[in-house]
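The block underneath contains the structure these notes are about, expressed in structure tokens.
Naming convention: chains lettered A, B, ... in sequence-line order (proteins, then strands); numbering from 1 in each chain. Bear in mind that the values here come from a model prediction, so they are computed numbers and not experimental data.
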Amino acid sequence: MLPASNRMRSAPQFRETTRRGVRIPSGAVVLHVLATGVSEEPRVGLTISKSVGNSVVRHRTARRIRAAFASCVNDLPRGSLWVVRALPGAGESESLHNDVVSGIARARLKLESRP
RNA sequence: CGAGUUGGCCGGGUGAUCGCGGCGUGAGCAAUCGCAUCGAGGAAAGUCCGGACUCCACAGGGCAAGGUGGUGGGUAACGCCCACCCGGGGAAACCCGCGGGACAGUGCCACAGAAAACAGACCGCCUUGAGCAAUCAAGGUAAGGGUGAAACGGCGGUGUAAGAGACCACCAGCACUGCAGGUGACUGCAGUGGCUAGGUAAACCCCACUUGGAGCAAGGUCAAGAGGAUCGGGCAACCGAUCUGCGCAGGCGAGCGGCCCGCUCAAUGUCUGCGGGUAGACCGCACCAGGUCACUGGCAACAGUGGCCGCAGAUGGAUGAUCACCGAAUCGGUCACCGAGAGGUGCCGAGGAACAGAAUCCGGCUUACAGGCCAACUCGUCCA
RNA sequence: GCCCCUUUAGCUCAUUGGUAGAGCGCUCCCUUGGUAAGGGCGAGGUACCGGGUCCGAUUCCCGGAAGGGGCU
């Protein structure tokens, strides 16, 4: 799981990231990334609407996405803000882990090419 | 063995690696790190009842409004639970019932039918009168007919012009009285009375009991700063609206969420209008109507005594991810055994677990739920 | 988390316990050389679902489902 220091907690950060960040669709999820340039821990937030499923499905989806991020948390650039939006069907997706990891890799390429 | 009824329990398991949240403890100025330990449910769900707790000054009286509704008990309380009564269903175990009052009053009962709630009379039956006759008029009657969910007791006889509880026997049912049983709802028996009373209160209503309002986003403490929060629009800067707080101006009443009484407060109050647009932390918060075992009382719900146990506490919201092994349902088979067959059992292969995730906490109710286990009881068949 | 509201024809909504209606839309016909407008005929309903009360329920009572709203 993600340590507490890597979790996004405030509504302004969510709004900034989803509105001004780069959007990368990847399978069952959509990633929003925003590079702030500040020398802080990267932060990750989740958006999982009711269309994904009931409470059990939504929580299981959130845990799997967080576990996928935790596996490569050291590869995230410092100061970056990430918001993951789960699409309907993500709860039953077999490739959720790979969707997240490959999305992170493509997002890093995009950030480096357009600083 | 088969069919069924009721109650209770479980509802994936084991291991490895990597993680997350709380509490405790040790180190560190601190960030943080180490160790130890705990970490979802029977419904955590729906939010339908009841309480605890907090605020509304106190939580007062009357009216209004709402709720409950057989009896007795259990409980902190309940619309819940237990036992019994009554009514209905079932062959039985057993199940279902908002189950007070229609002799306080008011309303309603469509269509059909003569008539739908004082009893009356369409067809009919009978008597008298008129007429050649068909029939008509006056009167008696309510057995028979048809309508309807429901038609003013049922059946048989006496009686009569025809009939009628007009009278009689039996039966059903009502009211009253007495006796017996029961704490009681009520039940049983005997007698008397009048021959008979429609339904609806989940229509108004009456009776008995009962309910003050809001809800942990309740509410409290602290810090910061003159702001803050939410919603809508915009790529964005930002713009607009509402609420709270602050500032200014004006009014004099305001509160006890319906009204009246009564009570309380009132210029540091309260209401209205205008103005310009800065927010987090902590407490509440997890040890109690607690769980479990034994004994005692009780038909039971439950209560009492004693021993043992400590059992989630997040806040963009922890309780997980990956891998390996085992694995229920289900599906398949040129397989084996049993069987007349339908099928059953075994073996092999595939497959890979229902409904569902705490958010102030308890007691219930209701709803969802693949599959499995246990116990008691009823009926049927066979054997001893 | 807490507190409320709604559900009737394809859509928007009516309807004292007694055969469910209106407007728009739809089908067919008339009118026109043709279309629109206009006129006429008609179809279309598990009254969200399941129980109960009643002779009878869209309506009254109980339970559920779906959709929507509010709070600081």
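Rounding to the nearest 0.5 Å gives a distance of 11.0 Å between CD1 of A:I65 and NE2 of A:H97. Within the model, atoms OG of A:S80 and CD1 of A:I104 stand 9.5 Å from one another, a figure rounded to the nearest 0.5 Å.
Both distances falling under 3.5 Å, in either a Watson-Crick or a G-U wobble arrangement, occur for no nucleotide opposite B:A110. Base pairing of B:C231 is made with B:G240, judged by Watson-Crick or G-U wobble geometry with both donor-acceptor distances under 3.5 Å. With a cut-off of 3.5 Å on both pairing distances, the Watson-Crick or G-U wobble partner of B:C1 is B:G380. Pair assignment for B:G290 gives B:C309, based on Watson-Crick or G-U wobble hydrogen-bonding distances that are each under 3.5 Å. Pairing partner, B:A303: B:U296, with both Watson-Crick or wobble hydrogen-bond distances short of 3.5 Å. Applying the Watson-Crick and G-U wobble criteria (two distances, each under 3.5 Å), B:C204 pairs with B:G105. Across the strands present, B:C282 finds its partner in B:G220; the criterion is a Watson-Crick or G-U wobble pair with both atom distances under 3.5 angstrom. Of all nucleotides present, none satisfies the Watson-Crick or G-U wobble test against B:U147 with each distance under 3.5 Å.
Each of A:L96, A:T61, A:I24, A:L46 was scored for a side chain to side chain contact (heavy atoms under 4.5 Å, CB included) with A:V29, with one residue passing: A:L96.
In B:G339 the O4'-C1'-N dihedral to the base is more than 90° from 0, which defines an anti nucleotide. B:C96 adopts an anti glycosidic conformation, its chi angle falling more than 90° from 0. With a glycosidic angle further than 90° from 0, B:C195 counts as anti. For B:A376, the glycosidic angle deviates from 0 by more than 90°, giving an anti base. For B:A40, the O4'-C1' to base torsion is within 90° of 0; the nucleotide is therefore syn.
Separating the P atom of B:G351 from that of B:C326 is a span of 13 Å, rounded to the nearest Å. Here the separation of B:C261 from B:C118, taken at their P atoms, is 47 Å to the nearest Å. Taking the P atom of each, C:C49 and B:A202 are spaced 26 Å apart, rounded to whole Å. For the C1' atoms, the distance linking B:G277 with B:C238 amounts to 14 Å, nearest Å. On the C1' atoms, B:C85 is 15 Å away from B:G100, given to the nearest whole Å. Separating the C1' atom of B:A214 from that of C:G1 is a span of 16 Å, rounded to the nearest Å. For the C1' atoms, the distance linking B:G39 with B:A83 amounts to 43 Å, nearest Å. A distance of about 8 Å separates the C1' atoms of B:C285 and B:G313, rounded to the whole Å.
If you measure from atom NE2 of A:H59 to atom C1' of B:U315, you get 12 Å, rounded to the nearest angstrom. The CZ-C1' distance, from A:R63 to B:U319, rounds to 6 Å in whole Å. Computed from coordinates, the A:R58 CZ to B:G316 C1' distance equals 13 Å when rounded to whole Å. Rounded to an integer number of Å, the gap from NE2 of A:H97 to P of B:G19 is 14 Å. Separating the CZ atom of A:R60 from the P atom of B:C355 is a distance of 10 Å, rounded to the nearest angstrom.
Pairing each heavy atom of A:P42 with each of A:P77, the nearest pair is CB-O, 3.6 Å. Counting all heavy atoms, side chain and backbone alike, A:R106 lies closest to A:P25 at NH2-O, 3.3 Å. Closest non-hydrogen pair, A:A68 versus A:V101, comes out as O-CG2, 4.5 Å.
Remark on RNA chain B: of its neighbouring residues A:R64 and A:V57, the 5'-side contact belongs to A:R64, judged by nearest-heavy-atom nucleotide.
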(request) Can you run through RNA chain C from 5' to 3' and write each base as (, ), [, ], | or . depending on how it pairs? Watson-Crick or G-U wobble, both distances under 3.5 Å. (result) (((((((..((((....[..)))).(.(((.......))).).....(((((..]....)))))))))))).
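Residue pairs satisfying the ring-ring contact (aromatic ring centres under 6.0 Å, His included) criterion with at least one member in residues 64-92 of chain A, sequence neighbours excluded, are listed as follows: A:F69-A:W82.
A sub-4.0 Å separation between OP1 or OP2 of B:A318 and a side-chain N or O of A:R66 is present.
Of the possible polar contacts, none joining the A:S26 side chain to the A:V100 backbone as a donor-acceptor pair under 3.5 Å is found.
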